[in-house]
Amino acid sequence: MKAILVNDDKSLRWDNVPDPVLKSEEVLVEIHAAALNRADLMQREGDYPPPPGCPEWMGLEIAGVITDMGEEARAKSRWKPGDRVCALLGGGGYAQYAAVKYDMLMPVPKNCTMEEAAAIPEAFATAYLNLFWEGRLQPGNTLLMNAGASGLASVIIPMAKAFDARVITTVLTDEIAASIAHLHADRVVVTPKESIVDALKEELADGHGVDVAIDCLGGEIMGQCLPYLTHGARWIMIAALAGRMTQIDLKNIYVRNVRIIGSTLRSRTPAVKAQILAELVEKVFPKIESGAVKPTIYKVLPITEAEAAHEILYKGQNVGKVVLKVK
């Protein structure tokens, strides 16, 4: 089969690799589409190696069709050859086939294309993990989701809204704010024109203090925001694209019972990931199938144009997910 490999100069090529060797608990998925994540860029740069036992090529989420199954997978799961599935991977999605443990699979939602389904596993599982496991989001809570034009924000914002939360997000321009209007955030802060610190201070004074923040930016501004959260708020760090260092008033943290939580999906055990996916199918998929939540696809490109697809993420041009069409 073929997969996307990284050359010594960090460029990409579509080249031959060994076919997957199916283990007893795995199914073989013929990949129709694979969605991009920023973790793919980090892996390409050598900063985010795949877990032991995973293929060397990138790709954390796919959609496709089951073509074969190991003995244990046949005995212990409800899956069968021909089923349309999407899957969460430790790596290896930029390819024609992937061997996937049966409990890392989810059905393709009834109203989704393969490209839309490929954009679900990593992004929706990350959203669910941080909103509900780490953030303990409740109806009526206020959520701050930084970087509102990101692929993850395109999932987190409508998911939070579907569960009756109020959402504040940040963007860099009025044009970007207009481009995410379909996500229906309650307040969009254009940060060059309005300080997010001042916005949070105003929200707290108005009785809408932030209960949960999901932050992929970090940097100097993060510490400045912490005094203006509700008592017992959860600030969840998932990346630090704006910088790894900040200053924090520790007294504010313990007096207001603010919790700062570091979180990544990839570092969770397979059993934990399987539990997240099972809850996702039970609690969120009905909202996907009703249309209340849906993946936002920015662009679909053929797998042979993975370099151009990555460039979209490198430049931050996408509002929503970029997807590679494999078949």
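For this chain, numbers begin at 1 and follow the sequence in order.
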Legend entry - Check: Ala35 main-chain N/O paired with Lys321 side-chain donor or acceptor under 3.5 Å: no
Legend entry - Separation of Leu137 CG from Leu131 CG (nearest 0.5 Å): 5.5 Å
Legend entry - Co-membership, hydrophobic cluster, residues Val108 and Met104, 4.5 Å side-chain: no
Inset, instruction - State the CD1-OG1 distance between Ile214 and Thr126, to the nearest 0.5 angstrom. - result: 9.5 Å
Legend entry - Remaining members of hydrophobic cluster (4.5 Å side-chain criterion), Trp57: Met1, Leu5, Val17, Leu22, Leu28, Tyr97
Legend entry - pair Met222-Ile260: side-chain heavy atoms closer than 4.5 Å: yes
Legend entry - Spatial distance of atom CD (Gln43) from atom CG (Asp47) [nearest 0.5 Å]: 10.5 Å
Legend entry - Student check: side-chain heavy atoms of Ile180 and Val171 closer than 4.5 Å: yes
Legend entry - Residues Ile312, Leu301; criterion side chain to side chain contact (heavy atoms under 4.5 Å, CB included); working and verdict: CA-CA 11 Å; Ile312 293 171; Leu301 291 168; 4.2 Å; yes
Legend entry - Cluster overlap Ile176 with Val188, hydrophobic side-chain contacts below 4.5 Å: yes
Legend entry - Residue among Lys294, Glu61, Met106 satisfying side-chain contact (heavy atoms from CB on, under 4.5 Å) with Ile120: Met106
Inset, instruction - To the nearest 0.5 Å, tell me how far Ser154 OG sits from Tyr298 OH. - result: 13.0 Å
Inset, instruction - Find out whether the Lys NZ or Arg CZ of Lys2 is both under 6.0 angstrom from the six-membered ring centre of Tyr94 and within 45° of the ring's axis. - result: no
Legend entry - More than 12 heavy atoms from other groups under 6.0 Å of CG on Asp8: no
Legend entry - Shortest non-hydrogen separation from Glu30 to Thr67 and the atoms involved: CB-CG2, 3.7 Å
Legend entry - Single-linkage hydrophobic cluster, 4.5 Å side-chain cutoff, Ile157 and Leu129 together: yes
Inset, instruction - Say whether, by atom type as modelled, one donor and one acceptor occur between the side chain of Thr246 and the main chain of Glu220 under 3.5 angstrom. - result: yes
Inset, instruction - Scan for salt bridge (Lys or Arg N to Asp or Glu O under 4.0 Å) pairs involving residues 89-115, sequence neighbours excluded, and state none if there are none. - result: Lys101-Asp103, Glu115-Lys325
Inset, instruction - Work out which heavy atom in Cys112 is nearest to a heavy atom in Ile288; give both atom names and the distance. - result: SG-CG2, 3.8 Å
Legend entry - Glu116 side-chain N/O to Thr113 backbone N/O, donor-acceptor pair under 3.5 Å: yes
Legend entry - Residue pair Val197 / Ile221, side-chain heavy-atom distance below 4.5 Å: yes
Legend entry - Ser179 to Val319 - nearest heavy-atom pair and separation: OG-CG2, 3.5 Å
Inset, instruction - Compare every heavy atom of Ala123 with every heavy atom of Leu152, then report the nearest pair and how far apart it is. - result: CD1-O, 3.5 Å
Inset, instruction - On the 0 to 90° scale, with breaks at 30° and 60°, tag the Phe132-Tyr128 ring pair as parallel, tilted or perpendicular. - result: tilted
Legend entry - Under 3.5 Å donor-acceptor, Ser77 side chain and Arg74 backbone: no
Inset, instruction - State which residue, out of Thr169, Thr191, Asp215, fulfils the side chain to side chain donor-acceptor pair (under 3.5 Å) condition with Asn146. - result: Asp215
Legend entry - Lys/Arg N to Asp/Glu carboxylate O, Asp249 vs Lys251, below 4.0 Å: no
Inset, instruction - For atom CD of Gln247, decide whether the heavy atoms of other residues, nucleotides or ligands shown that lie under 6.0 angstrom number more than 12. - result: no
Inset, instruction - For the pair Arg234 (side chain) and Gly135 (backbone), establish whether a donor and an acceptor sit closer than 3.5 Å, ignoring hydrogens and angles. - result: yes
Inset, instruction - Hey, could you give me the OG/CD1 distance between Ser150 and Ile156, rounded to the nearest 0.5 Å? - result: 7.5 Å
Inset, instruction - Please tell me if the side chains of Leu241 and Arg38 come closer than 4.5 Å, counting only heavy atoms from C-beta onward. - result: yes
Inset, instruction - For Glu26 and Val100, indicate whether the former's side chain and the latter's backbone hold a donor-acceptor pair under 3.5 Å. - result: no
Legend entry - Cluster overlap Phe163 with Leu277, hydrophobic side-chain contacts below 4.5 Å: yes
Inset, instruction - Only pairs at least two apart or in different chains count here, so list each ring pair (Phe, Tyr, Trp, His ring centres under 6.0 Å) that has a residue in residues 249-293. - result: none
Inset, instruction - Indicate if Tyr314 and Ile303 have the same hydrophobic cluster label, given that clusters are the connected sets of ILVMFWY residues with side-chain heavy-atom separations under 4.5 angstrom. - result: yes
Legend entry - Test log, rule side chain to side chain contact (heavy atoms under 4.5 Å, CB included), inputs Trp133 and Glu279: CA-CA 11 Å; Trp133 280 34; Glu279 290 187 20; 3.2 Å; yes
Legend entry - Atom CD of Glu71 with >12 non-hydrogen neighbours under 6.0 angstrom: no
Legend entry - Neighbour count above 12 (heavy atom, 6.0 Å) for Lys299 NZ: no
Legend entry - Other cluster members, Val300 - Ile/Leu/Val/Met/Phe/Trp/Tyr, side-chain contacts below 4.5 Å: Ile297, Val323
Inset, instruction - Without swapping roles, check the side chain of Asn130 against the backbone of Ser263 for a donor-acceptor pair under 3.5 Å. - result: no
Legend entry - Side-chain heavy-atom pair Met159, Met145 within 4.5 angstrom cut-off: no
Legend entry - Rounded distance [0.5 Å steps], CD1 in Ile4 versus OG1 in Thr304: 7.5 Å
Legend entry - Contact summary for Arg268 and Lys273, nearest pair of heavy atoms: O-CE, 3.3 Å
Inset, instruction - May I ask you to list the residues sharing a hydrophobic cluster with Leu60, side-chain cutoff 4.5 Å, ordered by chain and number? - result: none
Inset, instruction - Would you mind reporting whether Ser11 and Glu307 have side-chain heavy atoms less than 4.5 Å apart? - result: yes
Inset, instruction - Answer whether the closest heavy-atom distance between the side chains of Leu143 and Asp211 falls below 4.5 Å. - result: no
Legend entry - Ser24 backbone acceptor or donor facing Glu72 side chain under 3.5 Å: no
Inset, instruction - Could you tell me whether a side-chain N or O of Arg259 sits under 3.5 Å from a main-chain N or O of Asn257, the two making a donor and an acceptor? - result: yes
Inset, instruction - List the steps and the verdict of side chain to side chain contact (heavy atoms under 4.5 Å, CB included) for His310 and Leu12. - result: CA-CA 10 Å; His310 273 208; Leu12 305 179; 4.0 Å; yes
Show me the side-chain donor-acceptor pairs of residues 78-90 shorter than 3.5 Å, one per line, residues at least two apart or across chains.
residue, atom, partner, partner atom, Å
Trp79, NE1, Tyr102, O, 3.2
Lys80, NZ, Asp83, OD1, 2.9
Asp83, OD2, Lys80, N, 2.9

Legend entry - Short side-chain to backbone donor-acceptor contact, Glu203 and Asp198, under 3.5 Å: no
Inset, instruction - Report yes if the side chains of Met58 and Leu36 come closer than 4.5 Å at any heavy-atom pair, otherwise no. - result: no
Legend entry - Derivation and outcome, side chain to side chain contact (heavy atoms under 4.5 Å, CB included), residues Leu204 and Val210: CA-CA 7 Å; Leu204 184 62; Val210 167; over 6 Å; no
Inset, instruction - State, to 0.1 Å, how close Asn318 and Gly151 come at their nearest heavy-atom pair, and which atoms those are. - result: ND2-N, 4.3 Å
